[in-house]
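Data block below; observations after.
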2 protein chains.
Amino acid sequence: MSTVTITDVAKRVGVSVATISRYLSGFTVRNEEKIREAIIELNYRPSAAARNLKSGRTGIVAIVVPDITNPFFASIVEGAEGAVGDDRMILLVNTGDSREREEKALSQLFGRVDGVIMAPLTEDEQGPSFFSQFGLPIVFVDRVTQDGEKFSSVLTDNVKGAQLATDYLIGHGHKKIAMISGPLSTTPGKRRADGYRAALKKANLGDQYFIESDFSEAGGYAAMCSLLERDDAPTAVFTANNLMTIGALHALGDRGISVPEQISIIGFDDLEFAELINPPLTVIARDARLQGSQAMELMIKHLNDGVHTPPEHSMVDVQLVERGSCGAPRESQKVRSNKIGR
Amino acid sequence: MSTVTITDVAKRVGVSVATISRYLSGFTVRNEEKIREAIIELNYRPSAAARNLKSGRTGIVAIVVPDITNPFFASIVEGAEGAVGDDRMILLVNTGDSREREEKALSQLFGRVDGVIMAPLTEDEQGPSFFSQFGLPIVFVDRVTQDGEKFSSVLTDNVKGAQLATDYLIGHGHKKIAMISGPLSTTPGKRRADGYRAALKKANLGDQYFIESDFSEAGGYAAMCSLLERDDAPTAVFTANNLMTIGALHALGDRGISVPEQISIIGFDDLEFAELINPPLTVIARDARLQGSQAMELMIKHLNDGVHTPPEHSMVDVQLVERGSCGAPRESQKVRSNKIGR
DNA sequence: AGGTTATCTGCAATCGTTCTCAGTAATGAT
DNA sequence: ATCATTACTGAGAACGATTGCAGATAACCT
């Protein structure tokens, strides 16, 4: 076990601890060669704890995400990892969509990390008041809290993405366009719903097929089921995230409803395997890794420039990736007959 | 900003810092009520750094994985998160399949964490020698290093899984059974290859269709391409992990080769969307979340019982999930004609 | 009352660094 | 040779908690 301290190294070389410390911090000192050797021979490793205590910094940046098994967040983490650099590490907190765990984690983070990159669970007011007393640099990614403008953020152009998707369905001639939405308490939930409604309005269509759900596969499944049970079922669906798209597809598969012949579907967020699905999935894509790396770069900037750097807001673009899951609408009779026949 | 220390609290209450410290550690002290109040009023938060320095523990467990965007590892992390408990946190390190980053991370981890749960990149000898001098409890998950028996581990029954898969293909009448294997330098790579070969041997078949690749989608794609280019192409393929399965499917899709009519495929590791693929994917599944939680439980045990608890080894079972990607072999002529026609 | 134990307390050392301050040696300019 | 400048050095005080020790108080026996 390595309980060898800076003092041991100093004794070995015959200088003071201050010199060793300076050497470690990159200053030029007289006996560099001997110090290097002594450190290797003694297998000395500086104590992170002692450094933290003195310097006040930990060299750790936290990333708080609601669900690490969602490929989108996994990619964010990957992007952040790539941008974190050599002298910092990442502390991952997965809150599992639990508000309680999010709060607990945040309070425990204090003192252990230099900054927090987070995708908060909701935009509720509780968040900001907590953050203002937090004292650490915060960068929001993908989602913000109510007064998110006060902190740096890297967001997606959700409104545009949802409009693109809805317009695309409208362009195919659909009139009955459903949206399986995420929680309106979240940034992407709200904004994507806004984009959807704006596009419908522009085309003089109503939003009677709007369903609020919860960004999970089960939620997408349930929402799709309830849409299919309607007397006047939609001919196209826009699902607000990847997991809900998968859930919706499972619901369709279970009922033997074929895509895009009987119903068209377009999802927000691309998936590694979107092309492999039958049919290949048309989606609104964005660069999650880029979002992660931008968030980390912003964080590093704040860390280096001091807390009082003004917040910066970055917006990542979206684009429509056309594959094969959307087509022209079918006459509603046909859809109904199929629905009965399930 | 909270620069309020234990001394401030002590002054406020009119006792010594020792008393506050004891109160914080759960001992019964006289003025509990007043202390509680003072802590809240002053918004005092104990300094993690100072605690670390004195006590030597950090309350953080590291998880080192090669690729967090692989759903399998994401699930491991999720499982570990669920089992970590209230007084510890998880530090995630994503090495991105880079040996260099793995080494660097490991050395930086020292002193910042109480233990390391890891899926090492390879079984090379470098690992163990490093770990023996590491002095921290280590739990291997999914993969081990050469002298892995010295440390606790949670592994999968890889041999059995590979045998199940290969036997299944043999049972369908296949004779030309390929394996797109992971690196033989890794635990799952080697063991799954062993299982495949054992099953072939039992059936008096040769392993001329064995290809070693790298557990990535691109690797699976390339391997599948090279198999298809052979004069005598295989009629069935066993891919050694989820990403390579996706890659292989992409390769087949690009060439218009249909599954399972023209070629059968079975993969190791289930996928959230395996049912949605055309055709639904038959796989060898295992409970990744369970592996993660077991690893964490083992770690907590080591942490609580002291370093000198003997290592424990746990093996998670596998099972074959039959869907629709395997069928009877086609005559080789047909396959060849299709190959020419691509 | 006196003695013993149990419970709580404060003092002060300690953990392993960083960093200010003052001091010494070496170099260059005059 | 003198002085100014530069380049490095060591002593020692922090940083904010934990904890062994010994003393004080209260509680319990006989």
Side-chain angles (χ1 to χ4, degrees), chain A residues 1-36 38-39 42-60 87-89 107-114 135-136 303, chain B residues 1-36 38-39 42-60 87 107-114 135-136 303:
Chain A
M1 75 207 56
S2 177
T3 179
V4 33
T5 76
I6 201 173
T7 314
D8 301 321
V9 180
K11 275 189 192 139
R12 173 85 158 222
V13 179
V15 295
S16 75
V17 294
T19 301
I20 308 294
S21 175
R22 277 187 269 259
Y23 165 80
L24 292 171
S25 317
F27 291 86
T28 54
V29 297
R30 215 155 278 157
N31 303 319
E32 299 211 343
E33 195 49 50
K34 291 179 71 176
I35 295 177
R36 213 187 326 271
I39 286 178
L42 296 174
N43 188 30
Y44 163 72
R45 300 191 177 280
S47 148
R51 279 188 168 169
N52 297 356
L53 181 57
K54 249 326 253 188
S55 65
R57 33 191 68 97
T58 64
I60 297 182
D87 36 44
R88 273 186 261 262
M89 308 195 72
S107 73
Q108 288 188 333
L109 247 29
F110 186 85
R112 295 187 195 280
V113 300
D114 296 337
L136 290 182
L303 255 22
Chain B
M1 76 213 57
S2 177
T3 180
V4 34
T5 76
I6 201 173
T7 314
D8 301 322
V9 181
K11 277 189 189 136
R12 173 83 159 226
V13 180
V15 295
S16 76
V17 293
T19 301
I20 308 295
S21 174
R22 280 187 266 258
Y23 165 80
L24 291 171
S25 315
F27 291 85
T28 54
V29 296
R30 213 155 282 156
N31 304 320
E32 298 211 345
E33 196 48 51
K34 291 180 73 177
I35 295 177
R36 213 186 326 270
I39 287 178
L42 296 173
N43 189 30
Y44 163 71
R45 298 190 178 279
S47 150
R51 279 189 167 166
N52 297 355
L53 182 56
K54 254 318 261 190
S55 65
R57 36 190 66 98
T58 65
I60 298 182
D87 35 43
S107 72
Q108 288 188 333
L109 247 29
F110 186 85
R112 295 187 195 281
V113 301
D114 296 337
L136 290 181
L303 256 22

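Below, read A as the first sequence line, B as the second, and so on, with proteins coming before strands; counting in each chain starts at 1. As the structure is a computational prediction, the values presented were derived from the model and not from experiment.
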Report yes if at least one side-chain N or O of [X] is closer than 4.0 Å to OP1 or OP2 of [N]; otherwise report no.
X	N	result
T5(A)	dG16(C)	no
T19(A)	dG10(D)	yes
S16(B)	dG10(C)	yes
T7(A)	dT17(C)	no
R51(B)	dT18(D)	yes
Y44(B)	dA17(D)	yes

Measuring from the side chain of [X] (C-beta onward, heavy atoms only), which nucleotide among [options] has the closest atom?
X	options	result
R22(B)	dT19(D), dC8(D), dT17(C)	dT19(D)
T28(A)	dC8(D), dG16(C), dA17(D)	dC8(D)
S21(B)	dC19(C), dG16(D), dT18(D)	dT18(D)
A18(B)	dG16(D), dT17(C), dT19(D)	dT19(D)

To the nearest angstrom, how far is [X] atom [atom1] from [N] atom [atom2]?
X	N	atom1	atom2	answer
K11(A)	dG16(C)	NZ	C1'	13 Å
I20(B)	dC8(C)	CD1	C1'	14 Å
K54(A)	dC15(C)	NZ	P	17 Å
R30(A)	dA26(C)	CZ	P	8 Å
N52(B)	dG16(C)	CG	C1'	12 Å
L24(B)	dT18(D)	CG	P	6 Å
F27(A)	dT9(D)	CZ	P	12 Å
R57(B)	dA17(D)	CZ	P	18 Å

Earlier contact from the 5' end, DNA chain C, for A50(A) and V29(B): V29(B)
Over 12 non-hydrogen atoms of neighbours within 6.0 angstrom of CZ in R57(A): no
Sugar-phosphate only, base, or nothing, as touched by S55(A) at under 4.0 Å among non-hydrogen atoms: nothing
Sugar-phosphate only, base, or nothing, as touched by S25(A) at under 4.0 Å among non-hydrogen atoms: nothing
Contact summary for T7(A) and V17(A), nearest pair of heavy atoms: CA-CG1, 3.7 Å
Which atom of T58(B) lies closest to which atom of N52(B), heavy atoms considered: CA-OD1, 3.6 Å
N/O donor-acceptor pair under 3.5 Å between S25(B) side chain and S21(B) backbone: yes
Side chain to side chain contact (heavy atoms under 4.5 Å, CB included) assessment of R12(B) paired with V4(B): CA-CA 11 Å; R12(B) 173 83 159 226; V4(B) 34; over 6 Å; no
Residue pair E32(A) / V29(A), side-chain heavy-atom distance below 4.5 Å: yes
